[in-house]
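See below for the structure under consideration.
Because the structure is a prediction, the values reported are computed rather than measured. Hydrogens, waters and symmetry mates are skipped; everything else that's a heavy atom, side chains included, is used.
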Amino acid sequence: MFCLAGTSRGCVGRSGSNPRKAATAEVYRTHHCAELRTKDIGSTVTLAGWVHVRRDHGGVVFIDLRDREGLTQVVFRPEENAGATEQAHTLRHEDVVQIIGKVAARLPGTENPKLVTGEIEVLPDTLTILNRADVLPFPLDSDPSNEDLRLSHRYFDLRRPHLARNLRMRHRVTKATRDFLDEQGFLEIETPILSKSTPEGARDFLVPSRQTPGKFYALPQAPQQYKQLLMVGGIEKYFQIAKCFRDEDLRADRQPEFTQIDIEASFVEPADIFRLVEGMLAAIFRNAREVEIPTPFPRLTWHAAMDQFGSDKPDRRFAMPLVDLADTFASSSFKMFRGALDAGGAVKAINAKQFALVTTGQMEELTTMAKLHGAKGLAFIKVENGKWQSPLVKFFTEEEKAALTSKLHIEEGDLVLFAADKWETACEVLGRLRLRISEFQKLTENSQTLDFLWVTDFPLLAFDAAENKWNAVHHPFTRPKAEDVPLLDSGDFGKARAEAYDVVLNGVEIGGGSIRIHEQELQAKMFAALGVSEEDQQTMFGHILRAFRLGAPPHGGIAMGLDRLMMLICGEQSIREVMAFPKNNRGLDLMSQSPSDVDQRQLRDLGLQLKEKRNE
RNA sequence: GGAGCCUUAGCUCAAUUGGUUAGAGCGCCGCCCUGUCACGGCGGAGGUUGCGGGUUCGAGCCCCGUAGGCUCCGCCA
């Protein structure tokens with residue numbers, strides 16, 4: 001036996017997307033398990049991998065040997081190799097073995113067309129058991145629903161073809177990204193992970209400083225300031241596949257640490273960023289999914305997106321548009337509608353086609369959802385047996401009914417839902433209902449559509465009633481649209497729009513960015529609007545304000561959420577399925593049991609003391 | 001911080017209205033089996049029904065609490 005325990009050269013030089021011979025000779029094997037064909041018959045090969053399945057006939061024993069690339073059948077025959085066959089009887093699922101043997105044609109009629117290696121099998125001279133496996137925590141050949149169990153044995157779960165495929169796909173996407181941006185002249189530059197806490201935005205993960213007791217680094221929520229400073233530094237075109245950290249509650253599409261394709265460029269306008277990102281996504285989808293996506297992407301202003309779809313990330317794979325009914329009900333006798341309009345609000349409706357048979361439970365859920373998002377109730381019309389079943393109908397004139405029928409294209413079997421409120425509330429409520437109904441009706445279930453679009457002209461500032469102050473919608477360095485800068489002077493903050501844009505795919509925000517402020521004066525105006533004092537500006541952003549006075553070029557960029565993009569590319573419902581080692585719902589790593597207790601001494605070194613002892 | 005759904009064998013699930021000893025498939029263990037590829041056959045082990053309490057003659061099933069998981073709202077510039 002010539003096994004060299006401890007060598008790891010077997011993996012060097014392998015491409016994830018394109019299995020081929022390693023640059024250096026492999027020690028453990030001569031071929032991978034999806035490689036051998038009839039042309040190899042007669043040659044002696046060495047294979048290494050996992051026992052995928054054993055079929056033991058008492059005499060002859062079959063092993064499906066599996067490695068990353070595929071399966072090869074190994075046949076042990078007692079009359080040819082009694083010793084190896086004897087050993088083969090003891091093999092179990094996921095034992096790791098190496099076999100040296102001859103490639104042979106399968107007996108006529110026993111070829112397996114389901115395997116690419118199904119024409120051949122390997123007759124081993126030697127079987128080396130490299131490592132035996134315990135009884136498996138769950139089977140690898142089906143999808144276990146117990147995610148808890150999967151996450152606590154993630155290293156094992158990763159052997160399932162499903163996850164392996166996702167990780168391989170992710171590699172292709174990041175490689176396509178790097179290749180594309182490199183061709184476009186972008187430099188990949190790393191920025192610090194030990195960074196500075198800022199009050200804006202999400203809650204920071206903090207790292208106590210040992211050498212400066214009582215002070216803390218923060219893990220970056222995004223490399224935002226660094227990439228802008230790289231622009232001041234004359235880099236002109238930067239990108240990074242950057243880890244970002246936000247200490248907020250998790251969701252199916254949110255993890256405390258996640259990855260962004262972070263991009264920034266100097267001397268650019270939104271159109272430059274749009275072209276770049278469209279080209280990059282086209283390259284990504286060409287490489288990963290082998291599809292050509294149409295570019296340029298359609299554009300929608302934030303106001304139009306809200307008005308038509310009730311969302312700043314509209315899913316346009318189905319219609320169900322929000323229809324404005326202000327004209328129809330301008331002089332309505334129905335108080336709820338007139339009241340909203342008289343107060344300067346909106347009356348809008350959606351037509352859920354062929355959903356009149358909505359169940360009581362579904363209707364209750366929709367009503368609860370509407371109220372939760374600010375509606376006072378949920379007015380509706382069901383069209384059944386040629387009649388409008390609705391408590392509202394008695395308030396409508398014939399003209400109003402005719403206008404509704406025409407504007408909403410009402411037909412037998414439809415369900416029409418109304419919202420009458422402040423414009424933004426009415427839009428948001430109907431937008432939420434629209435999405436939930438699309439789930440009820442399974443409107444996007446097997447859709448292959450890739451609907452990309454840009455949402456532009458976001459509001460610059462939003463008023464936070466709870467804190468009684470204005471906050472930046474994007475971040476405080478976002479450039480106002482040139483024509484809206486006077487609104488900052490006049491205090492009409494709510495009307496100011498930003499040079500900010502999101503790229504949306506199938507109703508999921510996969511990226512967002514903006515053109516930045518590069519002048520110190522404009523930045524000061526912005527901070528003034530945000531109510532950040534001169535002193536706080538210096539403490540928190542002194543370095544970046546100083547940088548802006550040393551010849552900062554006009555610049556802007558975007559950050560793409562790689563995990564969400566991968567989720568869509570792989571057709572997953574959760575970003576956990578496209579990350580190697582994700583955390584659960586509560587931010588725990590069930591495999592390594594982090595976060596964990598630390599030694600008292602570590603705390604002492606950092607000058608920290610725990611306030612409360614937890615019950616243990 | 002809040003809401004909903006879920007928790008039965010290692011895994012996936014079942015268990016009539018609350019009714020005898022909680023079952024099946026896969027996996028595991030043992031024996032048999034020389035051309036399978038979801039190999040097959042026979043036998044076996046494996047359960048505090050998440051945990052605690054309550055109602056009841058009787059609880060996997062009903063009620064209360066609690067833990068854990070997932071999803072959503074808040075939160076996420």
Review point. To the side chain of A/Arg92, which of B/G69, B/C73, B/C28 is closest?
Key: B/C28
Revision key, fill the gap. A/Glu147 has its side chain closest, among B/C70, B/G69, B/C28, to B/C70
Review point. For atom NZ of A/Lys583, is the number of surrounding heavy atoms from other residues, nucleotides or ligands below 6.0 Å larger than 12?
Key: yes
**Study point:** A/Arg254, nearest nucleotide to its side chain (from B/C39, B/U71, B/C76)
**Key:** B/C76
Study note, to complete from the structure: Between CG of A/Asp502 and P of B/C76 the distance, given in whole Å, is 15 Å
Review point. Of the nucleotides B/G69, B/C28, B/C73, which has the atom closest to the A/Asn584 side chain?
Key: B/G69
Check your understanding: A/Glu577 and A/Leu163: which non-hydrogen atoms are nearest, and at how many Å?
Key -> O-CD2, 3.3 Å
Practice item. Measure from the side chain of A/Pro78, starting at C-beta and using heavy atoms only, and say which of B/C73, B/U34, B/U36 lies closest. Key: B/U34
Exercise for review: Look at A/Arg203 and B/C75 and indicate whether a side-chain polar atom (N or O) is within less than 4.0 Å of OP1 or OP2.
Suggested key: no
Practice item. Answer with yes or no whether the side chains of A/Gln538 and A/Glu534 bring together a donor and an acceptor at under 3.5 Å. Key: no
Exercise for review: Using a cut-off of strictly less than 4.0 Å, decide whether A/Asn585 has a side-chain nitrogen or oxygen near OP1 or OP2 of B/U71.
Suggested key: yes
Exercise for review: Determine, for nucleotides 3-9 of chain B in 5'-to-3' order, which nucleotides have protein heavy atoms under 4.0 Å from the base (write B), from only the sugar-phosphate (write S), or from neither (write -).
Suggested key: -------
**Study point:** A/Glu121 side chain, from C-beta outward: closest of B/C72, B/U36, B/U34
**Key:** B/U36
Exercise for review: Compare the minimum distances between each of B/U36, B/U34, B/C70 and the side chain of A/Thr110, then state the nucleotide with the smallest one.
Suggested key: B/U36
Exercise for review: Please determine if a side-chain N or O atom of A/Asn112 lies less than 4.0 Å away from the OP1 or OP2 oxygen of B/U36.
Suggested key: no
Practice item. Ignoring backbone atoms, test whether A/Arg576 places a side-chain nitrogen or oxygen under 4.0 Å from the OP1 or OP2 oxygen of B/U71. Key: yes
Review point. Has A/Arg55 got a side-chain N or O lying under 4.0 Å from the OP1 or OP2 atom of B/U36?
Key: no
**Study point:** Distance, P atom - from B/C26 to B/G44, rounded to whole angstrom
**Key:** 15 Å
Review point. Quick one: is A/Arg251 getting a side-chain N or O under 4.0 Å of the B/C76 phosphate, OP1 or OP2?
Key: no
Revision key, fill the gap. Testing B/C33, B/U71, B/G74 for proximity to the side chain of A/Asp56, the answer is B/C33
